[in-house]
Amino acid sequence: MAEANLATTPLFGWHQAHGARFAEFAGYSMPIQYSTIVAEHEATRNNAAVFDISHMGRFRLEGPQAEALLDHTLTRRVAGMELGQIRYSLICNEDGNILDDVLLYSLETPSSHPYFLLVVNAGNRSKIWNWLERQLSEFPQVQMTDTTEQTAMIAVQGPQAMSVCKPLFPEHVQNLGYYRGRVTEQMHKPCIVSRTGYTGEDGLELIIRKEDAERVWENLMLSGRKVGIMPAGLGARDTLRLEAAMPLYGHEIDENTNPMQAGLSFAVQFKDRDFIGKAALLRAKDDSQAPVRVGLMLDGKRAARQEARIFDMDSRCVGVVTSGSFSPTLQQPIAMAYIAPNLNTPGTVVDVDIRGSRTSGRVVPLPFYSRPTSSPA
């Protein structure tokens with residue numbers, strides 16, 4: 001049952017009726033699992049799974065200065081984005097530290113009116129809205145709308161995800177490229193479709209009106225029966241993104257980390273543009289002392305959790321774990337961590353304190369898992 005002080009998504013009733021276990025996440029009562037986390041994880045890796053991600057924030061920005069405002073605010077270039085293009089980017093403060101990581105969509109309505117859609121992390125929704133509002137004094141010809149409460153968002157992920165979606169969408173969606181999106185329809189209802197995800201697998205993410213959410217979800221489940229599609233909760237989503245080395249806000253990235261040390265320099269574009277945090281990030285490029293994000297493989301079966309301390313062979317504390325779990329795919333414990341830069345070479349042996357006892361591990365390249373077919377940068 002949802003607690004009275006927690007928000008629910010438009011699909012809460014479906015989750016409840018199908019035996020989901022719930023937990024609080026970013027102010028929402030969210031499904032953590034339906035069967036087991038491992039079963040839902042394996043369904044995503046081998047077949048297909050469907051996730052309710054309606055808790056993510058969704059902002060629409062339009063007007064003559066929308067592009068300029070976003071180019072000033074995001075670390076990745078916005079000016080000149082093609083219609084239908086989607087970019088992973090970061091929003092940093094003046095110190096170059098990360099306020100959020102986001103997806104920016106360049107879209108147009110069926111009547112050819114251009115606009116941008118910004119998808120932000122659920123826990124940062126108010127913070128990023130307020131941050132963008134602060135920029136409006138310099139870019140007054142921008143209209144911002146928070147569409148989160150009026151819409152739902154669903155992810156279909158896995159090697160069979162596109163075959164599941166194929167009969168449900170027009171041909172132009174079936175041929176959608178990676179990190180591309182468009183406004184279309186699902187059974188004559190408006191729908192934004194993007195070929196994006198947070199699992200390391202192929203798939204689509206859908207944004208629909210909240211009143212259409214359950215019908216679209218049921219259509220996906222029905223279409224996916226032949227490949228064994230499963231509903232999946234945030235538990236599997238976390239183990240999947242960890243294997244794929246995708247950062248989670250509040251773990252690998254936050255207001256105390258910058259993109260360079262987080263291994264996200266690809267999402268920062270300096271040339272011929274100015275943006276908030278640029279000067280600080282130029283300095284961070286040359287900082288050889290800041291801890292850096294690495295992957296760890298641990299011996300044994302016990303997983304290291306966030307804030308577990310890391311020691312070198314001289315028993316000096318040299319880092320801290322940010323996320324850790326037993327990997328269902330690799331069948332051993334893995335973790336992401338920040339570690340002293342002189343120890344980030346793959347193969348470096350360290351000890352990790354797991355609830356008072358030390359376990360040996362080694363630094364490994366990220367990601368831990370890559371699907372057989374390549375995805376776009």
Side-chain angles (χ1 to χ4, degrees), residues 11 15 18-21 23 25 30-53 56 88 103 153-168 174 176-179 193-206 217 220-248 251-252 295-298 301-305 322-336 364-377:
L11 288 159
H15 305 317
H18 290 79
R21 289 174 54 189
F25 186 83
M30 293 296 296
I32 298 301
Q33 63 191 87
Y34 302 83
S35 54
T36 68
I37 290 173
V38 171
E40 294 164 19
H41 179 111
E42 291 177 343
T44 312
R45 285 279 179 256
N46 299 318
N47 300 304
V50 59
F51 299 79
D52 180 6
I53 53 172
M56 301 291 285
Y88 174 84
L103 283 184
M153 193 168 182
I154 298 170
V156 192
Q157 300 284 290
Q160 297 297 324
M162 295 306 292
S163 66
V164 169
C165 294
K166 185 175 181 179
L168 301 178
Q174 300 169 22
L176 202 63
Y178 293 120
Y179 281 78
V193 179
S194 63
R195 200 161 180 185
T196 51
Y198 190 57
T199 63
E201 298 296 337
D202 195 6
L204 297 178
E205 293 181 321
L206 320 175
W217 182 279
L220 292 165
M221 293 296 296
L222 183 63
S223 180
R225 285 191 306 180
K226 62 183 179 296
V227 300
I229 197 170
M230 293 182 68
L234 294 188
R237 195 166 185 253
D238 191 50
T239 55
L240 290 158
R241 70 91 195 168
L242 176 56
E243 289 183 349
M246 294 177 169
L248 175 63
H251 289 252
E252 286 69 48
L296 297 176
M297 288 275 198
L298 277 61
K301 296 294 184 181
R302 295 202 305 162
R305 303 302 183 187
T322 53
S323 296
S325 177
F326 188 84
S327 164
T329 303
L330 303 176
Q331 285 296 294
Q332 71 177 104
I334 60 174
M336 285 192 286
V364 297
L366 294 174
F368 303 100
Y369 165 87
S370 296
R371 62 191 174 93
T373 53
S374 60
S375 62

Verify, without hydrogens or angle tests, whether [X] (side chain) and [Y] (backbone) share a donor-acceptor contact under 3.5 angstrom.
X: Glu243; Y: Thr329; value: yes
X: Ser323; Y: Met336; value: no
X: Arg241; Y: Met246; value: yes
X: Glu40; Y: Ser35; value: yes
X: Ser223; Y: Cys165; value: no
X: Gln174; Y: Lys166; value: yes

With a 4.5 Å limit on heavy-atom distance, are the side chains of [X] and [Y] in contact?
X: Glu205; Y: Ile154; answer: no
X: Tyr198; Y: Leu240; answer: no
X: Phe368; Y: Gln332; answer: no
X: His15; Y: Tyr34; answer: yes
X: Phe25; Y: Ile32; answer: no
X: Arg302; Y: Phe326; answer: no

Can you name the closest pair of heavy atoms from [X] and [Y] and give their distance?
X: Leu220; Y: Val50; value: CD1-CG2, 4.1 Å
X: Leu11; Y: Trp217; value: CD1-CE3, 3.5 Å
X: Ala48; Y: Ala161; value: CB-N, 4.1 Å
X: Ala303; Y: Pro333; value: CA-CB, 4.2 Å
X: Leu242; Y: Gly324; value: CD2-C, 3.8 Å
X: His41; Y: Ala236; value: N-CB, 3.7 Å

**Message:** Measuring from atom CG of Leu366 to atom CD of Glu252, what distance do you get when rounded to the nearest 0.5 angstrom?
**Reply:** 9.5 Å
**Item:** Distance (rounded to the nearest 0.5 Å) between Gln157 CD and Ile229 CD1
**Value:**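 With rounding to 0.5 Å, CD (Gln157) is 10.5 Å from CD1 (Ile229).
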**Message:** Just checking Arg305: does its CZ atom have more than 12 heavy atoms from other residues, nucleotides or ligands closer to it than 6.0 angstrom?
**Reply:** yes
**Request:** Apply ring-ring contact (aromatic ring centres under 6.0 Å, His included) to His251 and list each qualifying residue two or more places apart in sequence or on a separate chain.
**Result:**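 Result, ring-ring contact (aromatic ring centres under 6.0 Å, His included) vs His251: none returned.
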**Message:** Name the residue from Arg371, Arg195, Arg237, Arg45 that meets the salt bridge (Lys or Arg N to Asp or Glu O under 4.0 Å) definition with Glu201.
**Reply:**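 Answer to the salt bridge (Lys or Arg N to Asp or Glu O under 4.0 Å) test with Glu201 among Arg371, Arg195, Arg237, Arg45: Arg45.
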**Prompt:** Partners of Gln160 by side-chain hydrogen bond (donor to acceptor under 3.5 Å, both in side chains), sequence neighbours excluded?
**Reply:** Ser163
